[in-house]
*Asks:* 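This structure is in structure tokens; I'll ask about it shortly.
We count residues from 1, following the sequence as given.
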Amino acid sequence: MGKNFEINVMMFGGRRSGKTSILAAMKECVDQVFRDEQELGLSISSLDFDTMKALEEKNQELHLYYSEKDRDEAFTPDNNPTQSQRVYQFGIQLVNKPSAKLQMNFTDYPGEWLDNSSKFEQLKEIMEKTDIIMIAIDTPYLMEEARTVDAIGRYNEPKNFTGRIADMVKENFVVPEGSIRKKMILFVPLKCEKYYNQRNLSEDRMEELNVKVKKAYEKLITFITQGENKDRYECAIAPIFTLGNARFNRFAGNDTNASDGSNKYYIMNAKGYPDKPLYSFDIDATEPAPEYCEQPLLYTLVFLLKWAEQTKTRKPGLLGSILGMADTMASRFLKIPGAKDFADRSEFLRSKLKKEGDGYEIICDPLKFKGV
């Protein structure tokens, strides 16, 4: 291992679900948090040219949506999907101690891989090397066209691959029996601006979104909350708003006079779901106004720091635990330059986590994100 401590995060989600947009917005929002909280003494940067270029291009794409000639027209976001596997590298460092750096590697892949048997082994390999999985959920497909108020949207499964992702996580993102290792799963609903309404709470549907996430991923959530697994996995639902002021309007081809919900009223793709969702801007929107986009990365930081703290203070009773401790990610973290300085910031960062409201919920909490 080099001088940087590394943590591996996998972005999991279907085609054009917005995985790369998460990264671009997340980096910008965390940078703003660190600038606003200067006493924290942390900074974030892209560590390689490819990461810098890709995120700059994604941010340019997001801002282009707001150009004057297009602002009054419905548009389809994330219309430039990832074409190959990419690893985005971020560095979190102490401002007064540049040698103390945490490196976060975010692996993104084409969403089509979830429907390609030849890529299955490659996805498994990524998962087995991963510490944290962020499951990107294309929210309109989860919420819209539900047959009843309590049901999940009829196009959720072919778009978000809910069942397939759950099975893959259960089989390949496991904590070995007897290990003190911890892992984290974040459900990250995206493009949920339509369902967020703080001006008129009677129209706010973020808690409904929370319920539907838990219903759609019920089998996976049951798996990680059963028996000893509840002490192995930190898990939360963390919705984010990458644009903040652009809301789902309709699927292209929708006949507003239709009443039976027949597929013929949408422009469908070969996979059996409408592939052209259209979004409209709020009347006063002039530039992106992201909200909560820092949360997935803050959860990642707190996960690492809380795990290191727990490992350091643990008093193992079994020889296997003692022997295994030296090889854990947390133990390796404790040996890097400035580990104590990072650890000292753990509680402050934890205080910045959003833990409830607006669809947020911590489902499993072995590392005490909620507090003691």
Side-chain angles (χ1 to χ4, degrees), residues 11-22 58 61-62 64-65 70-83 108-116 135-166 187-197 203 205-206 208-209 211-213 215-217 239-282 285 359:
M11 311 298 296
F12 222 156
R15 176 178 180 269
R16 237 173 54 194
S17 59
K19 299 187 298 298
T20 312
S21 295
I22 293 179
K58 178 55 69 172
E61 177 187 324
L62 296 178
L64 279 175
Y65 298 149
D70 296 328
R71 260 195 76 250
D72 294 330
E73 299 179 8
F75 69 100
T76 300
D78 294 305
N79 209 19
N80 184 27
T82 299
Q83 301 298 322
D108 190 10
Y109 64 90
E112 291 86 349
W113 283 19
L114 281 169
D115 203 30
N116 185 340
I135 299 176
I137 303 169
D138 200 323
T139 302
Y141 289 89
L142 175 73
M143 299 285 285
E144 301 293 325
E145 292 297 318
R147 288 183 169 86
T148 66
V149 174
D150 298 327
I152 296 163
R154 72 173 68 182
Y155 302 117
N156 176 65
E157 188 60 43
K159 173 63 174 180
N160 285 318
F161 291 97
T162 307
R164 194 167 302 179
I165 286 174
F187 297 103
V188 186
L190 310 167
K191 306 171 188 171
C192 36
E193 285 85 347
K194 174 182 176 178
Y195 315 102
Y196 179 66
N197 192 332
E203 296 182 5
R205 297 174 61 192
M206 293 304 292
E208 177 188 341
L209 184 155
V211 170
K212 291 195 176 186
V213 168
K215 188 169 186 176
Y217 293 91
I240 66 174
F241 311 100
T242 49
L243 292 177
N245 47 28
R247 301 169 195 275
F248 175 76
N249 183 306
R250 67 190 188 279
F251 293 119
N254 185 29
D255 183 340
T256 56
N257 295 319
S259 60
D260 65 356
S262 171
N263 287 355
K264 68 183 180 181
Y265 295 107
Y266 298 117
I267 299 172
M268 308 293 286
N269 64 13
K271 303 298 182 183
Y273 64 87
D275 199 26
K276 193 173 177 60
L278 296 176
Y279 289 70
S280 299
F281 289 109
D282 291 349

*Asks:* Nearest 0.5 angstrom please: K271 NZ to E157 CD, how far?
*Replies:* 13.5 Å
*Asks:* Side chains of M206 and L209: closer than 4.5 Å at any heavy-atom pair?
*Replies:* yes
*Asks:* Can you sort out the partners of A216 under side chain to side chain contact (heavy atoms under 4.5 Å, CB included), two or more places apart, ordered by chain and number?
*Replies:* L142, I152, N156, T162
*Asks:* Can you sort out the partners of N249 under side chain to side chain contact (heavy atoms under 4.5 Å, CB included), two or more places apart, ordered by chain and number?
*Replies:* S280
*Asks:* Please name the pair of heavy atoms, one in A151 and one in K215, separated by the smallest distance, quoted to 0.1 Å.
*Replies:* CA-NZ, 4.3 Å
*Asks:* Measure across D138 and K191 and return the closest heavy-atom pair with its distance rounded to 0.1 Å.
*Replies:* OD2-NZ, 3.3 Å
*Asks:* About how many Å separate CD1 of I165 and CG of N160, when rounded to the nearest 0.5 Å?
*Replies:* 7.0 Å
*Asks:* Hey, what do you get for CD1 (I267) to CG (L278), rounding to the nearest 0.5 Å?
*Replies:* 8.0 Å
*Asks:* Could you list the residues that satisfy ring-ring contact (aromatic ring centres under 6.0 Å, His included) with F241, not counting sequence neighbours?
*Replies:* Y196, Y292
*Asks:* Counting C-beta onward and ignoring hydrogens, is there a side-chain heavy-atom pair between I240 and L190 closer than 4.5 Å?
*Replies:* yes
*Asks:* Can you sort out the partners of Y217 under ring-ring contact (aromatic ring centres under 6.0 Å, His included), two or more places apart, ordered by chain and number?
*Replies:* F187
*Asks:* Taking atom OG1 of T139 and atom CZ of R205, what is their separation to the nearest 0.5 Å?
*Replies:* 11.0 Å
*Asks:* The criterion is ring-ring contact (aromatic ring centres under 6.0 Å, His included); which residues satisfy it with F161, sequence neighbours excluded?
*Replies:* none
*Asks:* Find the distance between NZ (K58) and CD (E61) and round it off to the nearest 0.5 Å.
*Replies:* 3.5 Å
*Asks:* Which atom names give the shortest non-hydrogen contact between D282 and G244, and what distance separates them?
*Replies:* OD2-O, 4.4 Å
*Asks:* Taking the six-membered ring of Y273 as reference, does the cationic atom of K159 (NZ for Lys, CZ for Arg) lie under 6.0 Å from its centre and within 45° of its axis?
*Replies:* no
*Asks:* Sequence neighbours left out, what passes side chain to side chain contact (heavy atoms under 4.5 Å, CB included) with E144? Give chain and number order.
*Replies:* P140, K194, Y195, F248, F251
*Asks:* Looking only at non-hydrogen atoms, find the nearest pair between P277 and Y141 and report the distance.
*Replies:* CD-OH, 3.6 Å
*Asks:* Given side chains that start at C-beta, do those of Y266 and E145 come closer than 4.5 Å, heavy atoms only?
*Replies:* yes
